[in-house]
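Let me begin by presenting the structure, written as structure tokens, before commenting on it.
Computation of the quantities below employed the complete heavy-atom set of this structure, encompassing side-chain atoms and omitting hydrogens, waters and symmetry-equivalent molecules.
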Amino acid sequence: MHAPRWTVLKTALTVALCGASLALTPAFADQATPAAQAAMKVAPGEDFYGYANGDWLSKTEIPADRGSWGSGAALAEETNQRIVKLVEAAASAPAGSDARKAADVYTSFMDEAGIETQGTAALQAELKKIAAIRDKAGLTRALGGSLRADVDPLNSTNFFTENLFGLWIAQGLTDPDHYTPYLLQGGLGMPDRAYYLEEGERMGRLRTAYQAHIAAVLKLAGYTEPELRAARVFELERKIAQAHGSREDSADIQKANNPWSDKDFAAKAPGMDWKLFFQSAGLGKQKKFIVYHPNAIKGAAALVAEMPLQTWQDWMAFHTVNHFSPYLPKAFVDQRFEFYSRTLNGTPQLSARWKRGLSAVNSAMPEAVGKLYVERYFPPENKARVQKMVANIVDAFHKRIDQLDWMAAPTKKEAHAKLSTLYVGVGYPEKWTSYKGLEIKQGDVFGNALRAEKFHLKQELAKLGSKVDSKEWSMPPQLVNAVNMPMQNALNFPAAILQPPYFDPKASDAMNYGAIGSIIGHEISHSFDDQGAQFDSKGRLRDWWTAADSEHFKKAAASLVAQYDAYEAFPDLKLNGQLTLSENLADLAGLAAALDAYHASTGKAMSMDGDREFFQGFAQSWRNKSREASLRNQVKTDGHSPAQWRTYTVRNLDSWYKAFDVQPGQKLYLPPEQRVRVW
């Protein structure tokens, strides 16, 4: 699991942790295949995912407004139904309070008739600013003024921005005491460079559909010659994509460590007036930056000089309309859904308006909603029990490190230090975000969204020059997810994930350690995966490994890459073991540590019945079904393996073989020497 400050305009409170697929041959329609219907008869060693989830797979249909559906999505849906009632009730809260503002955002969004009446008046005011650009200096000011703090490069689920550049404010890679602005690649309307550059019939169809989408959006906004403008926009994005780094390159933190001074940009990325850009973006006084994608920044700056002004104006107009479409009349909403949901993810039906309204509130004022949720639905005893589980699993990691025969004493010392200084936030943040300065107007849907984005940017920019808060949360309490932040050496477990099926106060320890325990272990182990292991106990990017230890780790990681490279999602598409390495390492180490912690917590001799319950709790927490387009999109762009293959991490644990009597000749059997062992 893993997530950032979320981009919830596309779906209501969703789960970035879950992938999707069905049995050994994925089922992509709502109805399961005959193989899935018979899955309960499958032996664990043949298909453990089907064995644990067969009944659910055979009976469950993917909702019409979803590209996939599973444990996390179902829990998010239940949580949303609770939250929306809290938000509606907050309409009676005192005027000007955060709770009332959240309610006003929601009720304004729900006034569909009012939105239709208003039409595109608010949008046109923004488009007129773009039309008024007269030269490249004006373009540069406009590009800087549109910058949003909406990406998190250490999170594969929040790596996408339609702005020319992404902005991330976090501590420095080698300076954990000071906040630093990071510039990342951006500027694309499709999820990744591969969608523009990769050959093949499917990608060709998607490119054609995307260009048609651009034209349709511009036509709705009142532009003449929409097809001609769309062709220009697409060609510009294709050129931008050529300079982008791949997902695999983006996951290599060493390639991201590129400190630039404010004066370096003119020499290293010529083509635009960087001083003017930074002044317009609110970064005029900033002297130090980290350029996460230097080639992409360089390529985009060159295109500012090279491409005609009109092309850039068309590009800005399209992305402005495209980005704010959820807040516009129905025709805009439907067009965005048609491409991003139906075409890209195979989702047949638009979500109910209340779900999209809740997304609007979560996007504008996430912690205001989270505070309402925690006060009503997260009792102190749940927090205390989860904190105890966390302590047990951290202790299990300490013991596993002590028992490693391949790790040198100095490396072990730093690994122990990381665990000892790890901050684990359970339920909700230490201090709540205040939205005192955010202006929310009843009935001004577009304006509320625009002001909320600018308010968030102002909050992020205000961190520059202040002391780093190592306990700052990166996700709100009502999100069904969890995260490791290696630069802070910190974890977040929001309140919403601390409920069934992940955590159930009434369930056995075996089930809880298999479900939420494996997730806790997963997030802890991110501190020691291929990315997290590059940061020390203070969150500083530093090599604290001996050469021999590093070589052993890389060799084990390579074996896991090969294991996942061999899995087929489709005959023409295999999983990408390198792209998903961090998550696969975390799944493996986290599950092993959770099992150790479960054994230690019982104070009794190990029980095969308990172990079977533990592993089934793990597999059932990942039950999921997906539509074909959604799964293909995930395999191409997500750093998480789809759900079915995440459960197959059990193939590397000796205890699983003993619990289910898995024998040679069965499909999931791995000889002991081929089982990947890291931590």
Side-chain angles (χ1 to χ4, degrees), residues 3-16 76-77 79-80 83-84 86-88 90 98-111 115 122-123 126 146-152 155 157-163 166-168 319-328 332-333 336-337 340-341 350-373 429 432-435 437-442 444-460 473-481 483 494 496:
R5 181 185 187 272
W6 45 359
T7 49
V8 286
L9 294 181
K10 296 178 184 175
T11 59
L13 203 58
T14 75
V15 191
E77 182 85 355
T79 302
N80 283 348
I83 292 172
V84 74
L86 296 175
V87 173
E88 289 173 338
D98 286 353
R100 176 63 174 273
K101 288 180 181 178
D104 287 347
V105 171
Y106 178 78
T107 55
S108 297
F109 189 95
M110 294 302 291
D111 182 12
I115 292 172
L123 170 68
E126 295 300 311
S146 65
L147 193 65
R148 293 189 295 268
D150 60 351
V151 292
D152 179 349
N155 190 325
T157 65
N158 194 37
F159 207 85
F160 175 71
T161 180
E162 290 184 76
N163 283 354
L167 175 66
W168 184 51
H319 282 289
T320 298
V321 183
N322 196 47
H323 177 71
F324 287 107
S325 287
Y327 307 101
L328 294 172
F332 292 86
V333 174
R336 182 176 176 90
F337 166 80
Y340 287 102
S341 295
L350 181 67
S351 294
R353 189 159 190 91
W354 73 264
K355 296 181 183 180
R356 290 178 281 130
L358 187 56
S359 288
V361 187
N362 282 325
S363 182
M365 305 178 66
E367 286 194 18
V369 178
K371 192 173 183 180
L372 293 173
Y373 177 78
W432 295 99
T433 296
S434 170
Y435 297 91
L438 174 60
E439 182 185 14
I440 297 298
K441 296 181 180 179
Q442 181 68 41
D444 186 10
V445 179
F446 185 94
N448 289 340
L450 186 62
R451 287 188 295 273
E453 287 189 353
K454 291 181 178 179
F455 179 81
H456 174 67
L457 174 62
K458 185 178 179 180
Q459 286 179 315
E460 293 298 298
W473 276 52
S474 70
M475 53 177 56
Q478 70 274 29
L479 185 64
V480 179
N481 215 322
V483 67

Give me the atom names and distance for the closest heavy-atom approach of [X] to [Y].
X      : Y      : answer
Pro476 : Pro494 : O-CB, 3.5 Å
Ser351 : Arg356 : O-NE, 3.0 Å
Gly370 : Pro477 : CA-CD, 3.9 Å
Ser434 : Gln459 : O-NE2, 3.7 Å
Lys101 : Tyr435 : NZ-O, 2.6 Å

Which residues share a side chain to side chain contact (heavy atoms under 4.5 Å, CB included) with [X], sequence neighbours left out:
X      : value
Ile115 : Pro329, Arg353, Val445
Ala122 : Phe446
Lys441 : Glu439, Asp444, Asn448, Arg451

message: Can you tell me how far apart CG (Asn362) and NZ (Lys355) are? Round to the nearest 0.5 Å.
response: 14.0 Å
Partner set under side chain to side chain donor-acceptor pair (under 3.5 Å) for [X], not counting sequence neighbours:
X      : result
Thr320 : none
Ser146 : none
Arg100 : Asp104
Glu126 : Lys129

- prompt: Distance only, no hydrogens: is a donor on one side chain within 3.5 Å (strictly under) of an acceptor on the other, for Asp111 and Tyr106?
  reply: no
query: Does a donor on one side chain sit under 3.5 Å from an acceptor on the other, for Gln442 and Thr107?
result: yes
Side chains of [X] and [Y]: closer than 4.5 Å at any heavy-atom pair?
X      : Y      : value
Lys371 : Asp98  : no
Leu350 : Val333 : yes
Val369 : Ile83  : yes

query: Does Gln478 reach the main-chain N or O of Pro366 with its side chain, forming a donor-acceptor pair under 3.5 Å?
result: yes
Ring pair (Phe, Tyr, Trp, His ring centres under 6.0 Å) against [X], all qualifying residues, sequence neighbours excluded:
X      : result
Tyr373 : Tyr377
Trp473 : none
Phe337 : none

